[in-house]
Amino acid sequence: MKKFTCVQDIGDLKSALAEAFEIKKDRFKYVELGRNKTLMMIFFNSSLRTRLSTQKAAFNLGMNVMVLDINQGAWRLETERGVIMDGDKPEHLLEAIPVMGCYCDLIGVRSFARFEDRDFDYKETILNQFIQYSGRPVFSMEAATRHPLQSFADLITIEEYKKTARPKVVMTWAPHPRPLPQAVPNSFAEWMNATDYDFVITHPEGYELDPAFVGDAKVEYDQMKAFEGADFVYAKNWAAYTGDNYGQILSKDRAWTVSDRQMAVTNNAHFMHCLPVRRNMIVTDDVIESPQSIVIPEAANREISATVVLKRLLEGLK
Ligand SMILES: CCC[C@H](NC(=O)CCC(=O)O)C(=O)O
Ligand SMILES: NC(=O)OP(=O)(O)O
């Protein structure tokens, strides 16, 4: 594997899942693979789970790790070409990227959507500059339009907890005080559409995601109807995608906050969320603390998804 930015990069999902469950049985099985290899993790945005689980995955494979928080310690970076750099940014990304590539063997990048220009975001401008100019294999630690490490962990978790071959999985929008990226819902939809699950997306009108990610998923504007018979509920907020509303908050309707009311019409569904989660905006305390909540095992599986991805990128170096 030469990059990991989307579901297509991992190839056959059944093989990827088999590798994940193999590694889960013995996560140090490939500890020699990464000897004297260095992972560089570059964050343009905050992180807890990705920052910790991806480092742990690198250690599982015997790698060295460097972590850089851009604009905190490094020089502030200009990312636009053609800009006269007479302001507060002493370095351009197009120099910084190949320099960072000199010091490592693999690069992970977190760079969220900026919501200033939809084309800039949806062309994955920053991530693709790392792919183009670093000279190293690059993987996404959540970019503008996807979060594949999260989605792979979500799939592993559903496979572990499902009671039927084709569970009903419902992704629901929920209210949030800030405009959040579409990366997590886009990516979850992309991975769910690559399975044979019964996948439904529910959100208020106006929050339609990019059709390229929605694919053949059923979209239901009535949340209670969507929840009927669900085996898994995956909650997430996202800002509007369509037209002039890009990056905007259209609703903070707390009737969409996942509570016992909605969970009551499901098939005793497991509750999932990528975390961090705003309690009593996205989901009530009772639901996220209930026996059906699997948000912690879901987060734990981030170590497994990252170990599989780093293993395949290391194997690609040979
Ligand atoms: C893994 C999720 C990362 C990010 N979440 C946030 O930025 C939450 C920030 C907040 O709740 O203020 C998102 O929604 O894409
Ligand atoms: N789910 C996830 O990626 O969490 P962090 O933003 O804390 O890394």
Side-chain angles (χ1 to χ4, degrees), residues 1-35 37 39 49-50 52-63 105-106 108 137-142 146-171 184 186-199 213 215-217 231-234 269-270 272-275 294-318:
M1 189 161 75
K2 297 298 183 188
K3 70 175 180 75
F4 180 67
T5 63
C6 61
V7 68
Q8 289 79 12
D9 289 334
I10 201 82
D12 177 64
L13 285 187
K14 286 191 180 352
S15 307
L17 285 163
E19 206 166 331
F21 294 129
E22 174 207 4
I23 281 171
K24 196 155 183 176
K25 289 194 186 96
D26 176 8
R27 57 201 70 191
F28 301 109
K29 186 171 183 181
Y30 299 98
V31 72
E32 287 304 316
L33 191 60
R35 178 186 293 275
K37 294 287 187 287
L39 167 65
R49 278 143 293 272
T50 306
L52 298 179
S53 62
T54 310
Q55 286 185 80
K56 178 61 168 65
F59 299 151
N60 292 348
L61 296 164
M63 294 185 79
D105 299 284
L106 302 180
V138 172
F139 64 98
S140 167
M141 299 193 295
E142 185 176 346
R146 292 180 174 91
H147 191 356
L149 284 173
Q150 181 63 53
S151 304
F152 186 12
D154 296 334
L155 175 61
I156 293 165
T157 309
I158 293 171
E159 282 296 303
E160 287 178 322
Y161 283 86
K162 72 180 188 181
K163 296 182 183 65
T164 58
R166 290 189 66 247
K168 178 177 179 181
V169 179
V170 178
M171 177 167 75
V184 168
N186 284 350
S187 197
F188 187 72
E190 183 176 72
W191 286 67
M192 291 300 102
N193 283 328
T195 71
D196 61 359
Y197 297 164
D198 173 12
F199 178 50
F213 293 102
D216 297 333
D231 298 296
F232 293 88
V233 169
Y234 191 90
H270 288 294
M272 297 177 74
H273 189 282
C274 62
L275 305 181
I294 55 175
V295 298
I296 304 306
E298 180 185 359
N301 278 330
R302 288 293 307 276
E303 176 188 347
I304 306 304
S305 65
T307 305
V308 173
V309 167
L310 291 180
K311 170 178 176 289
R312 291 202 178 182
L313 290 171
L314 286 168
E315 288 167 344
L317 291 175
K318 289 173 182 169

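A 4.5 Å side-chain heavy-atom check between Lys318 and Leu33 finds at least one atom pair inside the cut-off. Looking only at side-chain heavy atoms (C-beta outward), Thr54 and Phe139 come within less than 4.5 Å of each other. With a 4.5 Å cut-off on side-chain heavy atoms, Lys56 and Thr307 do not count as touching. With contacts defined as side-chain heavy-atom distances shorter than 4.5 Å, the pair Glu160/Asn301 qualifies. Leu61 places none of its side-chain heavy atoms less than 4.5 Å from the side chain of Lys37. Between Met171 and Met192, the closest side-chain pair of non-hydrogen atoms is not below 4.5 Å.
For Asn186, the side chain to side chain donor-acceptor pair (under 3.5 Å) criterion is met by Tyr122, not counting sequence neighbours. Every residue meeting the side chain to side chain contact (heavy atoms under 4.5 Å, CB included) condition with Ala58, not counting sequence neighbours, appears here in chain and number order: Leu39, Met63, Val65, Leu310. For Phe4, there are no ring pair (Phe, Tyr, Trp, His ring centres under 6.0 Å) partners two or more places apart in sequence or in a different chain. Evaluation of the side chain to side chain donor-acceptor pair (under 3.5 Å) rule for Thr50 yields Arg110, Arg302 as partners, not counting sequence neighbours. With sequence neighbours left out, the salt bridge (Lys or Arg N to Asp or Glu O under 4.0 Å) criterion links Glu298 to no other residue. Annotation: side chain to side chain contact (heavy atoms under 4.5 Å, CB included) contacts of Glu22 (sequence neighbours excluded): Glu19, Lys29, Tyr30. Every side chain to side chain donor-acceptor pair (under 3.5 Å) that Glu190 has, sequence neighbours left out, goes to Arg146. Residues forming a side chain to side chain contact (heavy atoms under 4.5 Å, CB included) with Ala194 (at least two apart in sequence, or on another chain): Val7, Leu13. Applying the side chain to side chain donor-acceptor pair (under 3.5 Å) rule to Glu142 yields no partners; only residues at least two apart in sequence or on another chain are considered.
Remark: of the listed residues Gln55, Glu303, Arg27, Glu303 is the sole one forming a side-chain hydrogen bond (donor to acceptor under 3.5 Å, both in side chains) with Asn60.
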What's the verdict on salt bridge (charged side-chain N to carboxylate O under 4.0 Å, His left out) for Glu315 and Arg312, showing C-alpha distance, side-chain angles and the deciding distance? CA-CA 5 Å; Glu315 288 167 344; Arg312 291 202 178 182; 5.5 Å; no
Working note: Gln150 + Phe188, criterion side chain to side chain contact (heavy atoms under 4.5 Å, CB included); need CA distance, chi angles, decisive distance, verdict. CA-CA 8 Å; Gln150 181 63 53; Phe188 187 72; over 6 Å; no
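Expressed to the nearest 0.5 Å, how far CD1 of Ile294 lies from CD1 of Ile158 amounts to 7.0 Å.
Under the salt bridge (Lys or Arg N to Asp or Glu O under 4.0 Å) criterion, the residue pairs touching residues 162-171 are Glu159-Lys162, with sequence neighbours excluded. The salt bridge (Lys or Arg N to Asp or Glu O under 4.0 Å) contacts involving residues 1-12 comprise Lys3-Asp9, where partners must be two or more places apart or lie in separate chains. Legend: ring pair (Phe, Tyr, Trp, His ring centres under 6.0 Å) pairs involving residues 149-171, not counting sequence neighbours, sorted by first then second residue: Phe152-Trp191, Tyr161-His270.
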